[in-house]
Protein chains: 2
Amino acid sequence: MDKEKKILDTALKLFVEFGFHGTPTSKIAKDAGVANGTLFHYFSTKETLIKELYVSIKNELNQILASQANPTDSIKEAFRKLYFTTINWALVNQDKFYYIQQVHFSPHLAQIPEEVLHEQSKMHITFIEKAKASGDIKIMPNELLYTLVNSQIMGIYQYVLTQPTDQQQDSIEQGFEMIWDLICSSQAKIYE
Amino acid sequence: MDKEKKILDTALKLFVEFGFHGTPTSKIAKDAGVANGTLFHYFSTKETLIKELYVSIKNELNQILASQANPTDSIKEAFRKLYFTTINWALVNQDKFYYIQQVHFSPHLAQIPEEVLHEQSKMHITFIEKAKASGDIKIMPNELLYTLVNSQIMGIYQYVLTQPTDQQQDSIEQGFEMIWDLICSSQAKIYE
DNA sequence: TAATAGATTGACTAATCAGTCGATATTTAA
DNA sequence: TTAAATATCGACTGATTAGTCAATCTATTA
């Protein structure tokens, strides 16, 4: 297996379990089955490793979301896909989803260039603008809409985690109706 | 000034800015104006300091919320107070609010005993049960309600942070209408 | 006053860890 | 086949840091 990838995988597992501080690079290398120096051959510093792991995970999710997009979908359908795909991806990749938050609430986030972060949310912002233009969505600032949807997804995800597997999809569905109700314009609702 | 409190205040500031790893105990002691040994007199380990800081902050917020509670308030009014007080407290105490999330997405959370965490959310859970019994709130699991409200508060808070001060209260108000709309029973809505 | 307990100090240490480096192996390209 | 480039190794180091400790100071109490 590709050693660079092995290092990333191992780092993810250890960072999530023991935190950044609690994970020495030597342990990452050892668990990944590579020499100490090899880790620094691929990632010049520990900080670089932390950042590149973050970016690779965000890219993975974004690529999956992009692959689902279908121009002929209605706004609601498109939004539904975004929501379901994200939550289900998070359920299958709990470590990765957790790691995103872990970086988000750490000083490492400030080390990631603004343009990289912007690149990550670009797709969502474009979608939001399209949705608003369609009139299916309440008039509100883009930022607010983005933040609300994000936090709702976080909330539902966290709740679903506490549930038995066979009830999860129902809850996700309910969560979708709620958030859609929250953001769709009442006008659109009437004619729905 | 009380040295123990000075240490906690300094630790908060440094942890938020530089993270747990990036903040040596020696720097906390120095910035707090106490000797190295004094820090360990009050907090036997760095881990203890991290945990006690978390608990003290949560307690502070909970006490403020409890002091606002008024038994004669309607459910909506009581919920409104909870929501407004939390967000406004968060705006005034951004470091503390951030620190709560920082601990939440770190391995340190697992070090805090279940009973302490439960104690922290007890008030909210009691309120949720009262609200549900009143019929003003949609029928849904306590956990879901709790998580949804929490994440909605996080979302609104984060959005409000990006806004100029003079528009913040309006946004918080709008956010309240949204979340109330999300959780109040349609039956109660009709007779409102 | 004398005695006890707690608070405070800062130099010190044992351990850890991020990152280096020179040597060796492997792959690629000419 | 040869040469250059890249990958891999792991012992090593310089710096850092959590936590200790014996000594001193301060407050309380009998």
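Here is how names work: the chains are called A, B, and so on, in the same order as the sequence lines, proteins then strands, and each is numbered from 1.
Counting only N and O atoms by type, the side chains of Q163(A) and Y159(A) include a donor and acceptor under 3.5 Å apart. Between the side chains of Q168(B) and N88(B), not a single donor N or O lies within less than 3.5 Å of an accepting N or O. K81(B) and N70(B) form no side-chain donor-acceptor contact under 3.5 Å, judged by distance and modelled atom types alone.
A straight line from NZ of K5(B) to P of dA7(C) spans 18 Å, rounded to a whole angstrom. Look at NE2 on H41(A): it is 4 Å from P on dA7(D), rounded to the nearest Å. A straight line from NZ of K6(A) to C1' of dA7(D) spans 18 Å, rounded to a whole angstrom. When the P atom of dT16(C) is taken as reference, atom NZ of K30(A) falls 12 Å away, rounded to whole Å. Counting to the nearest Å, the P atom of dC25(D) and the NZ atom of K3(B) are 14 Å from each other. Rounded to whole angstrom, the span from the CG atom of D2(A) across to the P atom of dT6(D) amounts to 17 Å. Atom-to-atom, CD1 of I28(A) to P of dC17(C) comes out at 11 Å; the value is rounded to the nearest Å.
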When you compare the protein's N or O atoms with those of nucleotides 22-26 of chain C, which come within less than 3.5 Å of each other, and at what distance?
none

Which atoms of nucleotides 18-23 of chain D (N or O only) lie under 3.5 Å from a protein N or O atom, and what are those distances?
| from | atom 1 | to | atom 2 | distance (Å) |
| --- | --- | --- | --- | --- |
| dA18(D) | OP1 | K46(B) | NZ | 3.0 |
| dA18(D) | OP2 | T25(B) | N | 2.7 |
| dA18(D) | OP2 | T25(B) | OG1 | 2.6 |
| dG19(D) | OP2 | K46(B) | N | 2.7 |

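Ion pairing of E119(A) with K122(A) is present here, as a side-chain N (NZ or NE/NH1/NH2) and a carboxylate O approach within less than 4.0 Å. Salt bridge status for D136(B) with K76(B): absent, with no side-chain N to carboxylate O gap under 4.0 Å. The pair D31(B)-K27(B) meets the salt-bridge criterion, with a side-chain N (NZ, NE, NH1 or NH2) lying under 4.0 Å from an Asp/Glu carboxylate O. Using a cut-off of 4.0 Å between Lys/Arg side-chain N and Asp/Glu carboxylate O, D9(B) and K13(B) are scored as not salt-bridged.
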Working note: V55(A) + Q120(A), criterion side chain to side chain contact (heavy atoms under 4.5 Å, CB included); need CA distance, chi angles, decisive distance, verdict.
CA-CA 9 Å; V55(A) 172; Q120(A) 301 290 357; 4.0 Å; yes
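Between the Q101(A) side chain and the F97(A) main chain, a donor and an acceptor come within less than 3.5 Å of each other.
Backbone-only engagement by Y42(B) is indicated by non-hydrogen atom pairs under 4.0 Å involving sugar-phosphate atoms exclusively.
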